[in-house]
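Reviewing the structure listed below.
Values below: all heavy atoms of this structure, side chains included; hydrogens, waters and symmetry mates excluded. Indexing begins at 1, ligand by ligand and atom by atom, following the structure's order.
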Amino acid sequence: MLGMMQDWPLLCHKILDYAAAQHGGREIVSRSVEGPILRTTYADIHARAKKASQALEADGFGLGDRIATLGWNSARHMEAWYGAMGIGGVYHTLNPRLFPEQIAWIMNHAEDKGLFVDLSFLPIVEAIADNVPSLRKIIVLTDADHMPKSSKLEMVDYESWIGQHDGDFAWKQFDENTACGMCYTSGTTGDPKGVLYSHRSNVLHALISVQPDALNLGSNEVIMPVVPMFHANAWGIAHSAPMVGAKIVNPGPLMDGASIYELLDSEKVTMTAAVPTVWLMLLSYLEETGKKLPHLNRVVIGGSACPRAMTEAFQNDYGVQVIHAWGMTEMSPLGSLGVMKPVYSDLEGEVLLDMQEKQGYAPFGVEMQITDDENVELPWDGKTFGKLKVRGPGVAKAYYGGAGVEQFDQEGWFDTGDVAHINANGYMQITDRSKDVIKSGGEWISTIDLENLAVGHPDIQEAAVIGIVHSKWDERPLLICITKQGKNPAAEDILEFMRGKVAKWWMPNAVAFVEEIPHTATGKIQKTELRKQFADYRFDDG
Ligand code: AMP
């Protein structure tokens with residue numbers, strides 16, 4: 001017997017319809033590539049996204065066509081997404097921080113037919129367009145006045161392109177499982193893999209993420225997604241913010257401490273989200289200038305482990321609550337959030353910080369398990385660690401084109417590639433990527449725990465730990481550090497700071513100081529690169 005309720009497909013453009021109807025006057029503020037701060041509203045974005053849909057249709061785009069975007073977070077970028085989705089097309093975010101050849105590889109794999117591009121990224125497109133034969137339309141996210149005077153490419157400016165249409169357009173109707181978005185994983189090893197979101201998965205993910213114990217979003221929020229739309233959908237904010245009518249403040253191309261601070265302050269941002277490297281820049285800026293964050297309530301930190309010292313600085317020095325979150329492109333991306341359940345509501349001081357080092361617990365819609373190598377489920381005791389696996393309506397069931405089949409099993413579990421433990425209350429803590437874990441004398445050492453500890457030293461800016469071959473123990477940890485400007489601590493001073501805070505046999509055998517630690521295009525420490533750099537390194541005793 002079937003239920004007798006209405007069939008109301010979960011389509012992404014319904015989110016924008018809702019935002020325009022109920023929160024039409026709520027603002028979206030964007031720092032533009034051209035310089036000025038641009039202001040628009042949900043009503044405007046709705047009307048202009050419909051024009052973009054019309055323009056795409058007029059250019060022959062339709063159901064299933066992949067339409068790439070190479071842009072900073074902006075209102076126009078949002079319109080491009082919704083315009084593409086409104087005709088049943090698939091927005092495909094490209095990460096401009098990748099090498100041009102990697103971008104071309106990804107575009108060819110996805111067979112992108114169209115491209116929306118910010119002015120800043122035209123040199124990339126000029127370098128690769130000839131090598132992407134499927135590409136037949138390039139729309140520059142600017143107006144006629146800012147178009148380059150000459151280019152070897154045939155391009156139109158976005159404003160003139162949508163300006164030819166009246167916005168009198170009915171979104172196309174189709175099944176909620178229709179593909180609507182695409183994002184390739186950063187792929188530290190092997191080729192990037194494509195994740196293909198559906199309307200249903202994006203809408204459900206947005207519903208999940210606005211919940212009070214997740215991002216806790218509502219119409220009174222002023223949210224600044226510093227995390228780019230090309231990094232796992234800006235963690236869903238382009239869908240979750242309009243779903244509740246939150247004001248969005250887009251930082252555009254400038255993510256240095258001063259520029260981020262300027263918008264946090266002038267727009268009275270209440271909530272923001274980004275990877276730890278961005279917050280390092282903001283915290284240094286605040287430290288240098290003595291400025292405070294009177295409007296900001298909370299900051300969501302994920303993408304890499306949030307160091308304890310960072311949580312401490314935000315909470316204790318600036319009164320901003322940190323929500324440590326974990327997720328993956330393959331999970332739309334939210335997987336867990338470090339908000340406190342009633343059992344932990346009284347925690348404070350060091351014990352609260354201990355709990356916040358964990359990546360939190362899974363919201364409704366994300367199921368988790370940890371298993372050993374033989375696929376036997378491990379207990380949630382807060383110490384036994386194993387492979388972290390997830391499933392849910394916002395989790396990929398395969399990669400586009402069929403790569404990585406070994407990561408998906410018959411019961412629908414997706415092997416995240418992360419190693420974690422989960423405590424009795426469901427709080428998960430990532431100890432490593434499985435490829436980064438150090439195996440010493442048959443036991444595992446968590447590099448993330450050591451890194452977090454090291455950056456707690458007042459002179460350390462950033463730290464990375466890798467395994468170095470050892471004749472007796474197979475592998476032993478090497479701590480690689482960047483010191484804060486003007487600081488010159490001795491290796492022994494850092495080791496002394498760490499001693500007693502981790503098991504003795506976890507202690508790094510040595511410390512190496514470097515000028516720079518390489519990062520991936522999504523801000524993660526690039527351990528493959530570090531392992532190459534230190535391939536010939538050996539400890540004195542082994
Ligand atoms: P991406 O798809 O680029 O967001 O990368 C996902 C991966 O980033 C995860 O599988 C983790 O290895 C890592 N990651 C994300 N959030 C965290 C976090 N809070 N702590 C540690 N690692 C994280």
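Contacts between S304 and ligand 1, counted as non-hydrogen atom pairs separated by less than 4.0 Å, involve the backbone only.
For atom 19 (N) of ligand 1, the nearest protein heavy atom (residue, atom name, distance) is A325 O, 2.7 Å. What sits closest to atom 14 (N) of ligand 1 on the protein, heavy atoms only, is G303 O, 3.2 Å. The protein heavy-atom contact nearest to atom 6 (C) of ligand 1 is G327 O, 3.4 Å. Of all protein heavy atoms, the one lying nearest to atom 4 (O) of ligand 1 is H231 NE2, 3.1 Å. Residue, atom and distance of the protein heavy atom nearest to atom 12 (O) of ligand 1 are D418 OD1, 2.6 Å. Summary of contacts: the protein heavy atom closest to atom 8 (O) of ligand 1 is K524 NZ, 3.1 Å.
For ligand 1, the atoms sitting less than 4.0 Å from at least one non-hydrogen atom of T522 are 3 (O), numbered in the order shown with element in parentheses.
Between L334 and V366 the shortest side-chain heavy-atom distance does not fall below 4.5 Å.
By the 3.5 Å distance cut-off applied to N or O atoms, I430 is not counted among the residues near ligand 1. In terms of polar-atom proximity, defined here as any N/O pair under 3.5 Å, A232 makes no such contact with ligand 1. Considering backbone and side-chain N/O atoms, H324 comes within less than 3.5 Å of an N/O atom of ligand 1.
Residue D415 forms a salt bridge (Lys or Arg N to Asp or Glu O under 4.0 Å) with just one option from K389, R433, R391, K387, and that option is K387.
With a 6.0 Å cutoff to the six-membered ring centre and a 45° limit on the axis angle, K193 counts as a cation-pi contact of Y399.
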